[in-house]
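Structure first, commentary second.
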Number of protein chains: 2
Amino acid sequence: MNAEDTQKMADLLKALGEFNRLSLVYRLCDCQTPQNAMCLCDCCSVDASVVSRHLKVLAEEGVVQFEKKGREKTYSLNKSEIAQTLRNLADKIEGGDE
Amino acid sequence: MNAEDTQKMADLLKALGEFNRLSLVYRLCDCQTPQNAMCLCDCCSVDASVVSRHLKVLAEEGVVQFEKKGREKTYSLNKSEIAQTLRNLADKIEGGDE
DNA sequence: TACATACTTGCACAATTATGCAAGCATTTA
DNA sequence: TAAATGCTTGCATAATTGTGCAAGTATGTA
């Protein structure tokens with residue numbers, strides 16, 4: 001495993017490894033439709049600006065994607081991509097590629 | 001998902017989400033036998049004291065386990081447990097439990 | 001006993017991070 | 001146009017984190 005890929009994986013895990021960000025991810029798990037940021041604010045008891053920044057981190061790491069709709073931004077999980085990445089890590093840890 | 005479980009999962013992901021710690025995990029992936037800390041030092045270019053502290057974090061989160069052997073400590077990955085936890089997260093994200 | 005090896009711990013420090021508040025921008029509505 | 005809504009950004013701050021060095025402990029060896 002080269003350093004670049006290791007860093008990328010670490011960055012993803014770090015993005016997921018914060019309480020409020022993970023809460024946002026869990027919240028999005030339960031939504032069938034994309035949600036705007038104000039709606040997502042409900043799941044963590046922090047300022048809206050904080051939620052905005054956490055969503056930005058998640059978007060930068062490819063965990064969520066968003067669409068701009070008027071003055072709203074609607075977010076959804078990149079479910080299959082993130083799930084696949086986590087499963088690949090699980091496989092590697094369990095020794096599936098040796 | 002309750003707050004306690006969310007925090008626990010976030011703590012695990014945070015433990016994995018740092019470059020040198022993830023490097024240690026990857027290194028242990030490739031070892032068939034438990035490795036001592038000095039050997040593990042090779043995979044990250046930081047002081048031995050730093051490796052010691054990272055291994056402590058990984059042990060606290062249950063990522064690795066160790067055995068004391070004389071003046072050495074030999075570390076190994078909790079492969080199946082961590083792999084299972086990551087797969088559960090992947091399943092949840094992909095919506096497998098709805 | 002003296003020394004070497006394997007690790008841990010205390011201290012200091014720089015860098016990063018999470019946060020709230022206030023002010024900003026963009027868009028929609030009255 | 002004025003006001004409301006949804007979100008972002010700048011600033012300040014407290015807390016956390018990663019790191020190296022030096023000194024410590026514990027165990028093995030000469």
Side-chain angles (χ1 to χ4, degrees), chain A residues 3-4 6-28 31 33-61 63-77, chain B residues 3-4 6-28 31 33-61 63-77:
Chain A
E4 202 177 325
T6 302
Q7 185 66 63
K8 242 182 115 181
M9 177 64 90
D11 288 341
L12 171 65
L13 294 169
K14 184 184 287 184
L16 293 172
E18 198 274 334
F19 181 81
N20 287 317
R21 280 196 297 269
L22 190 57
S23 300
L24 287 165
V25 169
Y26 283 158
R27 171 62 179 271
L28 281 167
C31 299
T33 58
Q35 302 291 309
N36 68 34
M38 285 303 98
C39 166
L40 294 170
C41 274
D42 297 344
C43 77
C44 26
S45 51
V46 289
D47 194 78
S49 67
V50 174
V51 171
S52 173
R53 276 184 272 244
H54 281 320
L55 287 169
K56 189 177 177 212
V57 171
L58 292 173
E60 281 167 356
E61 290 304 324
V63 177
V64 302
Q65 55 189 342
F66 59 86
E67 219 178 321
K68 214 170 168 338
K69 292 198 173 174
R71 63 189 166 191
E72 295 185 3
K73 253 178 170 180
T74 58
Y75 290 84
S76 56
L77 267 184
Chain B
E4 201 176 327
T6 301
Q7 186 67 63
K8 242 181 118 180
M9 178 65 89
D11 288 342
L12 171 66
L13 294 169
K14 184 184 288 183
L16 294 172
E18 198 274 335
F19 182 81
N20 287 316
R21 279 195 299 267
L22 189 57
S23 300
L24 288 165
V25 170
Y26 283 158
R27 170 62 177 272
L28 282 168
C31 300
T33 57
Q35 302 292 308
N36 68 36
M38 286 302 98
C39 167
L40 294 170
C41 274
D42 297 344
C43 76
C44 28
S45 51
V46 289
D47 193 79
S49 66
V50 174
V51 172
S52 173
R53 276 184 271 245
H54 281 320
L55 287 169
K56 189 178 177 212
V57 171
L58 291 172
E60 281 168 355
E61 290 304 324
V63 177
V64 302
Q65 56 190 341
F66 59 86
E67 218 177 323
K68 215 169 168 337
K69 291 199 172 173
R71 61 189 167 193
E72 294 185 2
K73 254 179 170 178
T74 57
Y75 291 84
S76 55
L77 268 184

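Throughout, protein chains are lettered first and strands after them, A, B, ... in sequence-line order, and every chain is numbered starting at 1.
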- Under 6.0 Å from the CZ atom of Phe66(A), do we count more than 12 heavy atoms belonging to anything else shown? no
- State which of dC11(D), dT19(D), dT8(D) makes the closest approach to the side chain of Arg53(A). dC11(D)
- Query: Minimum heavy-atom separation for Leu16(A) to Val25(A), with atom names?
  - Reply: CD2-CG2, 4.0 Å
- Rounded to whole Å, the CG-C1' distance (Asp47(A) to dC21(C)) equals 7 Å
- Asn36(A) side chain near dT5(D) phosphate (N/O to OP1/OP2, under 4.0 Å): no
- Task: Round to a whole Å and report the spacing from CZ of Phe19(B) to P of dT19(D).
- Result: 10 Å
- Item | N/O (side chain, Lys73(B)) to phosphate O (OP1/OP2, dT8(C)) under 4.0 Å | yes
- Message: Would the base of dG18(D) count as contacting Arg21(B) through its side chain, where contact means a donor and an acceptor less than 3.5 Å apart?
- Response: no
- Item | Candidates dG20(C), dT19(D), dA6(C) - which lies nearest the side chain of Met38(B) | dA6(C)
- Should Lys14(A) be listed as having a side-chain N or O under 4.0 Å from OP1 or OP2 of dT16(C)? no
- Message: Once you apply a heavy-atom cut-off of 4.0 Å, does Tyr75(B) come out as touching a base, just sugar-phosphate, or nothing?
- Response: sugar-phosphate
- Query: Any side-chain heavy atom of Arg27(A) sitting closer than 4.5 Å to one from Cys44(A)?
  - Reply: no
- Message: Please confirm whether the shortest side-chain N or O distance from His54(A) to OP1 or OP2 of dT17(C) is below 4.0 Å.
- Response: no
- Task: Ignoring hydrogens and angles, answer whether the base of dC7(C) and the side-chain atoms of Ser49(B) contain a donor-acceptor pair closer than 3.5 Å.
- Result: no
- Residue pair Lys56(A)/Glu72(A) against DNA chain D: nearer the 5' end by closest nucleotide is Glu72(A)
- Message: Using whole Å, what does the distance between atom C1' of nucleotide dC7(D) and atom CG of Asp42(A) come to?
- Response: 15 Å
- Tell me: CG of Leu16(A) to P of dA18(C), nearest whole Å? 12 Å
- Measure from CG on Leu58(A) to C1' on dT17(C) and round the result to the nearest Å. 14 Å
- Item | Nearest listed nucleotide, side chain of Val46(A), among dG6(D), dG20(C), dT19(D) | dG20(C)
- Item | Nearest-0.5 Å distance that lies between atom OG1 in Thr74(A) and atom NZ in Lys68(A) | 10.5 Å
- Per Ser52(A) side chain, nearest of listed nucleotides dT8(D), dA6(C), dG6(D): dT8(D)
- Can you check the Glu18(B) CD to dA15(C) P distance for me, whole Å? 16 Å
- Of dC7(C), dG20(D), dC21(C), the nucleotide closest to the side chain of Val50(B) is dG20(D)
- Item | Residue from Val46(B), Val51(B), Asn36(B) passing side chain to side chain contact (heavy atoms under 4.5 Å, CB included) with Cys41(B) | Val51(B)
- In whole angstrom, give the distance that lies between atom CZ of Phe66(B) and atom C1' of dA6(C). 14 Å
- Item | Nearest-0.5 Å distance that lies between atom NZ in Lys8(B) and atom CD in Glu61(B) | 9.0 Å
- Query: Between Arg71(B) (CZ) and dT25(D) (C1'), how many Å, whole number?
  - Reply: 13 Å
